[in-house]
Protein chains: 2
Amino acid sequence: MNKPGKSTEDMDSQTPMGHYPGSHKAKRELFDGFASVAKVLSSGRRAEIVDILAQGERPVDGISHEIDQTIANTSQHLQQLLRAGLVKTRREGTRIYYSLSGPAVSRLWAAVREVAGEHLAELDELAMSYLGDRSTMMTMTRAELRERIGDGDLIVIDVRPEAEFQAGHIAGAMSVTLKELETRLDQLPNDRIVVAYCRGPYCVFADNAVRTLHQHGIQAARLEEGYPEWKDAGFPVEASTTDLPRHDHAS
Amino acid sequence: MNKPGKSTEDMDSQTPMGHYPGSHKAKRELFDGFASVAKVLSSGRRAEIVDILAQGERPVDGISHEIDQTIANTSQHLQQLLRAGLVKTRREGTRIYYSLSGPAVSRLWAAVREVAGEHLAELDELAMSYLGDRSTMMTMTRAELRERIGDGDLIVIDVRPEAEFQAGHIAGAMSVTLKELETRLDQLPNDRIVVAYCRGPYCVFADNAVRTLHQHGIQAARLEEGYPEWKDAGFPVEASTTDLPRHDHAS
DNA sequence: ACCATATTCAAGGGAATGCTTGAATACGCC
DNA sequence: GGCGTATTCAAGCATTCCCTTGAATATGGT
């Protein structure tokens, strides 16, 4: 006898009376609803999209370029995120800007990364393969950076794509993308420690910035987490109001 | 030109030099890794399993009965949860007990429910259909309950299946399953408010207990969240050490 | 009105998923 | 060693998912 009981088909066995809420069918549907939220994060490409939107709003073709997928495919992923309620849209002329629908989504994404980092056996290997060796790199925590950010002995650079800096960044940070970094070394004061940050704990931009700076003999450290975590912690942020956020094409 | 760039195929366009980490392929694989954690929660049945395991460890056939699925199917779902690292196992004779692999998993599950509750359009309807009308039911927060639990004017009952009570419960609570409730009404002191709790904010047991108590003219309220949230908040818990946790068959 | 740009829609193929069924494995008991 | 119980494994089928391709829609500029 392998099958589940049929006698209590539509009424939970814990329920003593027939007319109470709690049918198995409704329970299945409710949990299918919860599952639909997780399902939308069950694609690596959509996870990348959420990681990018956690930085701020972005139009479709900016996202498409960032995740290296066709516009059509990116659009379909965005539709799925939209249907599940994880993102919302804002139209501006011919462009449609997507953004996370709330901080709870950011927390969910952080929880996924945390579980993967703590419990998924292969993750260390995958992270190592993408990020390279981090063991020799100096890091700084959010709390420490906030403490020391006004002291004048360090400078904070944001190495995310310009569009993300403009959508919001750590108060007092300057934007230096990786592409520009080597040509703008002279603009960095050589008597301060440079602290680089980017999208989050698994973002490679800050790592590579620190590597480049070290090669040029400049003291540099990486912020352990990224802009979304800084913002979610309620630490001071600011946005470029000089211009509307645009996507940045490399070509 | 709809396709993503091929010229930067294996090197992130933000990276200035060729030998730095950050290839697109490795990034895809890393995010596929994160996605694999979410994917395992993308089935309603596995979500139910996680909800049950958040109460404490449980053997396969107990879970199978609880989610109303065949043992074979339940086992396969558990294998997937195991591969993704969300659960761990403990063998005891011929039984294999599954449990969540850490509190991060519990937080992840809470984050999924939170996002669904805040942003998924259909969820209210699904919850209403499973739980019934909650609007007339009195509730109590964790903090308030902890405050008043020693005052002697209320009594806390745990209406989850006995196995879950034994695996861990709110300190000072007494176990009264829904099945027993009507026959044990005389054991409840009639000069105190009864506070019922169960698995979490979307669990129907406590609701139905309060409904039954009200029908018998007993003052009763529902704890807003359940045992996992109480435990994760660091509030006092205790476990039955009189016997090893068993599953409970209704049949 | 016409064109360019940004985004969405629709159809199709190959792969993966969830559930079922029936058999295999592992442990404890006699 | 043989039996009963708990769990896992393996094969099959209908469904769903991801990505691709090509066309359709919507907005703004000239």
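Hydrogens, waters and symmetry mates play no part in the numbers below; they use all other heavy atoms, side chains included. In what follows, chains are A, B, ... by sequence order, proteins preceding strands, each numbered from 1.
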Checklist entry - Run the side-chain contact (heavy atoms from CB on, under 4.5 Å) check on Leu120(A) and Val115(A) step by step: do they pass? => result CA-CA 7 Å; Leu120(A) 187 63; Val115(A) 168; over 6 Å; no

Next on the checklist: Quick check on dT8(D): is either OP1 or OP2 less than 4.0 Å from any side-chain nitrogen or oxygen of Ser75(B)?
Outcome noted: yes

Next on the checklist: Could you tell me how far apart Arg90(A) (CZ) and dA26(D) (C1') are, to the nearest whole angstrom?
Outcome noted: 17 Å

Checklist entry - To the nearest angstrom, how far is Asp68(B) atom CG from dC19(C) atom P? => result 12 Å

Next on the checklist: If the cut-off is 4.0 Å, is Thr70(B) near the phosphate of dT20(C), judged by side-chain N/O to OP1 or OP2?
Outcome noted: yes

Next on the checklist: Is Arg46(B) close enough to dG18(C) that one of its side-chain N or O atoms is under 4.0 Å from OP1 or OP2 there?
Outcome noted: yes

Item to check | Of the listed nucleotides dA26(D), dC18(D), dG22(C), the one nearest the side chain of Arg91(A) | outcome: dA26(D)

Checklist entry - Does a side-chain N or O from Asn73(B) land closer than 4.0 Å to OP1 or OP2 of dG18(C), or not? => result no

Checklist entry - Whole-Å distance between dG4(D) P and Ile71(B) CD1? => result 18 Å

Checklist entry - So, is Tyr98(A) near the phosphate of dT8(C), with a side-chain N or O under 4.0 Å from OP1 or OP2? => result yes

Checklist entry - Pick the nucleotide of DNA chain D nearest each of Gly93(A) and Arg45(A); which residue has the one closer to the 5' end? => result Arg45(A)

Checklist entry - Taking atom CD of Glu125(A) as the centre, does the number of heavy atoms from other residues, nucleotides or ligands within less than 6.0 Å exceed 12? => result no

Checklist outcome for this item: Between CD1 of Ile49(B) and P of dG18(C) the distance, given in whole Å, is 11 Å

Next on the checklist: With a cut-off of less than 4.0 Å, is there a side-chain N or O of Gln80(A) near OP1 or OP2 of dC18(D)?
Outcome noted: yes

Checklist entry - CG of Leu78(A) versus P of dC19(D): gap in Å, rounded? => result 13 Å

Item to check | Separation of Ile71(B) CD1 from Ile63(B) CD1 (nearest 0.5 Å) | outcome: 10.0 Å

Next on the checklist: Could you walk me through whether Ser99(B) and Arg90(B) satisfy the side-chain contact (heavy atoms from CB on, under 4.5 Å) test, starting with their C-alpha distance in whole Å, then the side-chain angles of each, then the deciding distance to 0.1 Å, before giving a yes or no?
Outcome noted: CA-CA 8 Å; Ser99(B) 56; Arg90(B) 177 177 73 84; over 6 Å; no

Next on the checklist: Below the 4.0 Å mark, does dA16(C) have OP1 or OP2 next to a side-chain nitrogen or oxygen of Lys39(B)?
Outcome noted: no

Item to check | Working for salt bridge (charged side-chain N to carboxylate O under 4.0 Å, His left out), residues Glu225(A) and Arg113(A) | outcome: CA-CA 12 Å; Glu225(A) 302 194 306; Arg113(A) 282 176 305 173; over 6 Å; no

Item to check | Most 5' of Gln76(A) and Ile96(A) on DNA chain C, judged by nearest nucleotide | outcome: Ile96(A)

Checklist entry - dT7(D) P sits how many Å from Glu57(B) CD, rounded? => result 12 Å

Checklist entry - Of all the choices, dT7(D), dT8(C), dC18(D), which nucleotide is nearest to the side chain of Ser43(A) once you look at every atom? => result dC18(D)

Checklist entry - Which part of the nucleic acid, if any, lies within reach of Gln79(A) when heavy atoms closer than 4.0 Å are counted: base, sugar-phosphate only, or nothing? => result sugar-phosphate

Item to check | Nearest-angstrom distance from the residue atom CZ of Arg95(A) to P of dT8(C) | outcome: 13 Å

Checklist entry - Rounded to the nearest Å, what distance is computed from the CD atom of residue Glu92(B) to the C1' atom of nucleotide dT5(D)? => result 15 Å

Checklist entry - So which one's nearest nucleotide on DNA chain D is more toward 5', Val60(B) or His77(A)? => result Val60(B)

Which atom pairs, one a donor and one an acceptor, fall under 3.5 Å between side chains of residues 46-53 of chain A and the rest of the protein, sequence neighbours left out?
residue: Arg46(A); atom: NE; partner: Val40(A); partner atom: O; Å: 2.6
residue: Arg46(A); atom: NH1; partner: His77(A); partner atom: ND1; Å: 3.1
residue: Arg46(A); atom: NH1; partner: Gln80(A); partner atom: OE1; Å: 3.3
residue: Arg46(A); atom: NH2; partner: Lys39(A); partner atom: O; Å: 3.4
residue: Glu48(A); atom: OE2; partner: Arg45(A); partner atom: NH1; Å: 2.5
residue: Asp51(A); atom: OD1; partner: Trp109(A); partner atom: NE1; Å: 2.9

